[in-house]
Protein chains: 2
Amino acid sequence: MTKMGIRTQALAVRPASCCVPIAGPDVGPGEAEAAAGLFRALADPNRVRLVNMLANAGDAVCVCDLTERIGLSQGTVSFHLKKLFGSGLIDREQRGTWAYYSLNRAALASVADVFVEGVSR
Amino acid sequence: MTKMGIRTQALAVRPASCCVPIAGPDVGPGEAEAAAGLFRALADPNRVRLVNMLANAGDAVCVCDLTERIGLSQGTVSFHLKKLFGSGLIDREQRGTWAYYSLNRAALASVADVFVEGVSR
DNA sequence: CTCCTACATCGACGGATGTCGATCCAAAGT
DNA sequence: ACTTTGGATCGACATCCGTCGATGTAGGAG
């Protein structure tokens, strides 16, 4: 109990609006936390691989398929997908019994904006 | 213990070569770990702020200056700078008693490449 | 040589993270 | 109705991470 409500990644949920240019004008504590939250979502090799799988699939993929390919327990895969979903990097769609996840390409592209701006200012 | 093995976090050190497009062809476990390592370096709000400070400074900044502005203990700032340095995102230069850190803009730009759709190749 | 300053490193601590197996839940099929 | 199946959640555990204060260390100033 207690820990359930876990607002675990409440802060990171905005996919694009969070993307303050890291090299732009002064980044405040709040913006820094938002940016860090996005990076945290990608700070695990298995999540990077999941994102890569979804990117290559081009289409939505069900959890069972991902679980099989990544070689982790089903619960762990769910855990990672929840983090990615919470960060806005992937989308979720329920089709009957199956849950299909797909890459949010716009969100992914917006992460790049965090860097490019300011680098070539 | 002698000087210091600056190679402390050898795994993440390659700035650009690590940057496998996250949306490109199959990312193996090794490449995923390298990419995740880079993101891990930016997965903390205080490190994001440090990078931002260095970006805005345009020039190298000494640790004492950063410590004062970020409001953390000196040891903690050193800890974060070491992580950023280990990831290749920032450079270090010793000037007498002072240590000056500066943003490695090439490395930062290369992180953006991770997100670029690999198709352009 | 002695002291001070700037920085790195250490020891410790609490909190977050990744993982598993087990459990719960809802939808589908029988 | 019962059973099965896909997926989310839980409990427990080991590890990692961020932070501080304290200590170590090297360069400059006196």
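The analysis underlying the following values was restricted to heavy atoms, covering all of them including side chains, and did not include hydrogens, waters or symmetry mates. Naming convention: chains lettered A, B, ... in sequence-line order (proteins, then strands); numbering from 1 in each chain.
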Quick one: is [X] getting a side-chain N or O under 4.0 Å of the [N] phosphate, OP1 or OP2?
X       : N      : value
A:Thr76 : C:dT19 : no
A:Lys82 : D:dA8  : no
A:His80 : C:dT19 : yes
A:Arg40 : C:dG18 : no
B:Arg47 : D:dG18 : yes

Rounded to whole angstroms, how far apart are [atom1] on [X] and [atom2] on [N]?
X        : N      : atom1 : atom2 : value
B:Lys83  : C:dA8  : NZ    : P     : 15 Å
A:Leu42  : C:dG18 : CG    : P     : 12 Å
B:Leu84  : C:dC7  : CG    : P     : 16 Å
B:Tyr100 : C:dA8  : OH    : C1'   : 17 Å
A:Leu72  : C:dT17 : CG    : P     : 18 Å
B:Phe85  : C:dT9  : CZ    : P     : 11 Å
B:Trp98  : C:dC4  : CH2   : P     : 16 Å
A:Phe79  : C:dT19 : CZ    : C1'   : 9 Å

How would you label the contact of B:Arg95 with the nucleic acid (heavy atoms, under 4.0 Å): base, sugar-phosphate, or nothing?
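It contacts nothing in the nucleic acid.
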Could you tell me whether B:Tyr101 contacts a base, only the sugar-phosphate backbone, or nothing, with contacts defined as non-hydrogen atoms closer than 4.0 Å?
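Sugar-phosphate, backbone atoms only, no base.
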Strictly under 3.5 Å: I want the nitrogen or oxygen pairs between protein and nucleotides 22-27 of chain C, one per line.
none

Does B:Ser110 use its side chain to pair, donor to acceptor, with the backbone of B:Ala107 at less than 3.5 Å?
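Checking the backbone N and O of B:Ala107 against the side chain of B:Ser110, a donor-acceptor pair under 3.5 Å is found.
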ILVMFWY network linking B:Met53 to B:Leu108, side-chain heavy atoms under 4.5 angstrom:
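Yes, because B:Met53 and B:Leu108 connect within a single hydrophobic cluster, where side-chain heavy atoms sit under 4.5 Å apart.
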Spacing of CD1 belonging to A:Ile90 relative to CG belonging to A:Asn104, to within rounding of 0.5 Å
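The distance works out to 9.5 Å.
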Rounded to the nearest 0.5 Å, how far does NE2 of B:His80 lie from CG of B:Leu72?
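Rounded to the nearest 0.5 Å, the CG-NE2 separation comes out at 5.5 Å.
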Taking atom CD of A:Glu68 as the centre, does the number of heavy atoms from other residues, nucleotides or ligands within less than 6.0 Å exceed 12?
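Result for CD/A:Glu68: open.
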Consider the side chain of B:Ser78, meaning its heavy atoms from C-beta on, and name the nucleotide among C:dA8, D:dC20, C:dC20 that approaches it most closely.
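Selected nucleotide: C:dA8.
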Nearest to side-chain heavy atoms of A:Asp44, which nucleotide of C:dG18, D:dC20, C:dA8:
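Selected nucleotide: C:dG18.
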Indicate the atoms forming the closest heavy-atom contact of [X] with [Y], along with that distance.
X        : Y        : value
A:Leu89  : A:Leu103 : O-CD1, 3.7 Å
B:Arg105 : B:Gly58  : NH2-CA, 3.7 Å
A:Ala41  : A:Arg47  : O-NE, 2.7 Å
A:Ser102 : A:Leu54  : C-CD1, 4.2 Å

Linking directly or through intermediates, with side-chain heavy atoms under 4.5 Å: list the remaining ILVMFWY members grouped with A:Trp98, chain and number order.
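Other cluster members: A:Tyr100.
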List in numerical order all residues of residues 61-71 of chain B for which some heavy atom is under 4.0 Å away from an atom belonging to DNA chain C.
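Within residues 61-71 of chain B, the residues near DNA chain C are B:Cys62, B:Val63, B:Cys64.
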